[in-house]
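Right, one structure below, let's go through it.
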Amino acid sequence: MSSKATVRNLLAAILTALFSVTLADAVFHISNIINPGVSNIYNALGTQIAPNMVTVVIFDFRAYDTLGESIILLTAGLVVLLIFGRGLLGDKR
Amino acid sequence: MNELIPLMVIVPLMAALLISAFSRFNTVTKIFAFVVAICLPIIPIASNYGLHYFGGYEPMLDNVTNVMFHPAITYSFTFLQQIFIAMVGLLTFLVIFIYLTKYKEVSGPYLFLLFLGTAAVTAMLLTDDIFHMFVFFEILALAQVGIVAASSISYSNEMALKYMILGSIGSPMMLLGIGFLLAMTGSVNITDIAAAVHNGLVDATSPVFLMSLALIFFGWLYASGLPPFHTIKSGIYSKAEPHGAALLQSFTVISMISIVLVMFRIYSTLPIFEVLIVFFSILAMILGVSLALTQTDFRRMIGFLAVGELGFIGLGIGLGTQYSITAGLFQALNEITITALLFIGFGAIVNATNEVDTRKLGGLLAYHPKVSIMLLIGGLAMAGVPPLSGFQSKLMLVQASLSCGYPEISILAIVVSIATFVVFVKTYYSMFLKPKPNDLDVEHKEVPRAMIFAMGILLIIVIAFGVYPDVVTNGISNFVGGIL
Amino acid sequence: MAQVQLIILITSVALVIIGLYSAIFIDNIIKKIIGISFIEEGANLFIVAIGYKAGGVVPILMPEMDTSWFASNAAYPLPFGLVLTSIVIGASTLAVMLALVMVLYKKYGTLSTKVMLADTSKQEEYNE
Amino acid sequence: MKLYDQIFDIVKQFKKLFSPGPVTNADVSGIVTAEIFLIVSLVLSAILLRHVSVLLAGLVTLILAIVLISSIPLIPKFKIEQDDSLEKMLFYAIVTLAILGVFLYWGGNLV
């Protein structure tokens, strides 16, 4: 059984190494083709709303994402409490 | 009334927050949850089709590059979204109804998670923004973990942790893929990205673009529980309460189709994309059904069957014609109802016998004839027997693959349907028809009325879709024509 | 000055890869989870690096700046906004995972993944 | 007779892998069905290769059929590989990720 595990680990290591080379190459190429896109609009338009562009993005253009972000914090808190035993469902099976 | 579009997400979110805050007041919480749950399927039906721009920011023209951009999050609401949101809303209503009648003391966090999951899948279906989809996908993952961890079934915490660890590899990869797309197009709006790809602003054959496909595809595999994640998905279903599992599988199906439609809009120019989807779908069908045949725990068995059925949806989308995508999406709708019916029905059996091992069950036909007949019809629908809804969608899939020139896929789909039927008949036999083992004590209590009611409603939908499939397929076909 | 961006990008990939390796090969569950949070942070760092603009300024409009000069010289704000959201997501998942580990550590008394998260399908007792 | 012995072997091997308890008739028929289903569906999906090259498809189908039938207790092996332990799940996830990434990045344009 242990030899099987060794083969498994070796295969996983080799494949991860190949993947890391691939990912590094992709990221190396991506540094040449970055496109600002919609950020230009934010920089041109956002100054009329608030001085800090990141704030403008978070709380105005993408405020709904931020709602999701705060909900996810709340969910995490509730799930942690749930795991520690508050509000579990009754029947033990 | 386009103001109703964001309400589809906001109503369950707010309900979740209020319930978790005021869960001490038992009766009030119950009534409130019931009322909100009734509203969930009604809102999408009452709403009009259209787009909703958050903050009122309409698409703008970049003066420098002359490209249209959507600066804010956009929701688009069409027939496809309407039918799926109404279906998941109805399912949430039924599940919450079952839950409220089963337990005297409501658990605030659990109701919170049920509503939150519904809100998350609704947002995933509606949104036209890939990062927004990722945010709600993470909320959905946490809600699923919570639903599993809440269910005091032995080893449920272990399964939840495994799901989280695998998810924490899957979803950052998806985020990385979204980052690649963001770097190349400068936008996270799907319409903008698709326009950039189709107008040639992004080189669709560049390896970097293909890498983003690989990363998002891996995230999709995790989201939909296709191989290699089929074991964990079926495990998750088996460790949740049966009515919770009925909702969990609908979340899986909806996150699968919403992400795959996004990928389809962006990557459909690449021939490799469709090959990949068909490959993983066939793998899911083979592995899911062959593992379902070897299970003795019937919750696990339906879990694997649900994974196998996901393969049909993937096949429909992978074939890539208008007819086949319509068939795949119709199959998704049918799978939500049928699998929910099976989970709720088997949940009734768990409720009556406290037993999940098929070897220790038997002779239940005499005790619960109503449940057994409804389950039989559900199983026949899943295997694709006319005139039920599963038959219509599978027939469409077989025809679609024949007309695409892949008769092997048609034969494979039929073989998988037959094997699905074998799985179901085997389980049905050992639960209902086999003589009752002596040591099995069936509690002489009625199956909860709420469960019978829920199964009846789902059964009506299954039969209605089977007899009149055109009601749904015409609308879906129009939607598909729009994205092709 | 494009080297700065390249270095950050490569660092982010390195973080992802280190995280992947430790998530697969390390048996201790806490270390595994640290590796997993490395993956998340790597993805976040990658998105931050996209917002880099050579010679750009922080996207905050100071009183002395002209708005048209600002529009052409500020760094790209969209990736920064996205990253703030995804950092919170990563923190939430981390919290839930660690809570699960706490409960399971009380149950098993060990942090080894092989013991804690082994195959459970055969251990469910079959009471005759 | 050899095939019969092999099929009988499935049942014997399966009993060891089963969750504790008796193996009923329905389970045995399920296992045998699974075995046949696995072989048939894998061979069928190998035929799909004919869209790449007919010769390759014929060759792969033949070899696959022979290999699968000669090593017939397949389901026990399949089941061991896909159990619930995190190690195996992670291994398969990583293998899929790596193969997807490497294949698409270096060879995605060839298809």
Side-chain angles (χ1 to χ4, degrees), chain A residues 12 16 19 21-46 48-49 53 56-93, chain B residues 6 13 17 20 23 54-55 57 60 62-65 67 69-73 103 105 107-110 112-113 116 123 129 131-132 135-136 138-139 142-143 145-146 149-154 157 160 180 182-189 192 196 201-203 206-208 211 241 350 354 356:
Chain A
T16 317
F19 180 68
V21 172
T22 313
L23 201 61
D25 195 56
V27 164
F28 183 79
H29 284 300
I30 216 168
S31 63
N32 303 323
I33 51 171
I34 288 179
N35 182 352
V38 76
S39 292
N40 284 337
I41 291 183
Y42 290 149
N43 275 341
L45 209 72
Q48 299 157 16
I49 302 167
M53 291 310 113
V56 170
V57 170
I58 293 177
F59 288 109
D60 191 4
F61 290 107
R62 304 187 64 82
Y64 211 54
D65 265 359
T66 313
L67 176 70
E69 174 193 329
S70 52
I71 295 280
I72 206 171
L73 264 182
L74 185 72
T75 318
L78 270 174
V79 173
V80 166
L81 287 177
L82 194 72
I83 290 164
F84 289 146
R86 180 177 164 275
L88 287 181
L89 297 183
D91 51 337
K92 199 85 186 161
R93 195 177 301 117
Chain B
L13 268 186
L17 293 180
S20 73
S23 60
F54 279 92
Y57 292 104
M60 292 176 199
D62 187 348
N63 292 324
V64 186
T65 53
V67 181
F69 281 114
H70 293 70
I73 292 169
Y103 294 97
E105 283 285 315
S107 148
Y110 189 71
F112 171 88
L113 292 168
L116 199 68
D129 191 289
F131 189 78
H132 191 66
V135 172
F136 275 92
E138 285 288 326
I139 295 180
L142 273 186
V145 166
S151 74
S152 327
I153 296 173
S154 54
N157 281 343
F180 273 53
L182 173 65
M184 280 184 289
T185 61
S187 173
V188 283
N189 187 282
D192 292 349
L201 289 177
V202 173
D203 181 13
S206 78
V208 179
M211 191 70 189
E241 291 274 309
V350 178
N354 272 333
V356 293

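In the text below, chain A, chain B and the rest are named by the order of the sequence lines, each starting its count at 1. Basis for what follows: all heavy atoms, side chains included, without hydrogens, waters or symmetry-related copies.
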- Task: Determine which pairs satisfy salt bridge (charged side-chain N to carboxylate O under 4.0 Å, His left out) with at least one residue from residues 63-83 of chain A, sequence neighbours left out, and list them in order.
- Result: A/Arg62-A/Asp65
- Query: CZ/B/Phe69 to OH/A/Tyr42 distance, rounded to the nearest 0.5 angstrom?
  - Reply: 10.0 Å
Could you give the side-chain donor-acceptor pairs of residues 32-40 of chain A under 3.5 Å, partners two or more places apart or in another chain?
residue	atom	partner	partner atom	Å
A/Asn35	OD1	A/Gly37	N	3.2

- Task: Measure the shortest side-chain to side-chain distance between B/Phe112 and A/Thr75 over non-hydrogen atoms and say whether it is less than 4.5 angstrom.
- Result: yes
- Item | The single option from B/Tyr57, B/Phe54, B/Phe131 passing ring-ring contact (aromatic ring centres under 6.0 Å, His included) against A/Phe61 | B/Tyr57
- Query: Between atom CG of A/Leu82 and atom OG of B/Ser20, what is the distance when rounded to the nearest 0.5 Å?
  - Reply: 12.0 Å
- Honestly, the part of B/Ile139 sitting under 4.5 Å from a heavy atom of chain A is both
- Note: A/Ile30 and B/Ala183 closest approach over all heavy atoms is CD1-CB, 3.8 Å
- Query: B/Pro109 and A/Leu78: which non-hydrogen atoms are nearest, and at how many Å?
  - Reply: CG-CD2, 4.2 Å
- Where on A/Phe28 is there a heavy atom nearer than 4.5 Å to chain B: the side chain, the backbone, both, or neither? neither
- Task: For chain B, find which of A/Val80, A/Asp60, A/Leu67, A/Ile83 contributes the most heavy-atom pairs closer than 4.5 angstrom.
- Result: A/Asp60
- Residues, nucleotides or ligands: over 12 heavy atoms within 6.0 Å of A/Phe84 CZ: yes
- Task: Find the one option among A/Val79, A/Ile71, A/Leu74 whose heavy-atom pairs under 4.5 Å with chain B are most numerous.
- Result: A/Ile71
- Checking heavy atoms, do the side chain of A/Ala76, its backbone, both or neither come under 4.5 Å from chain B? both
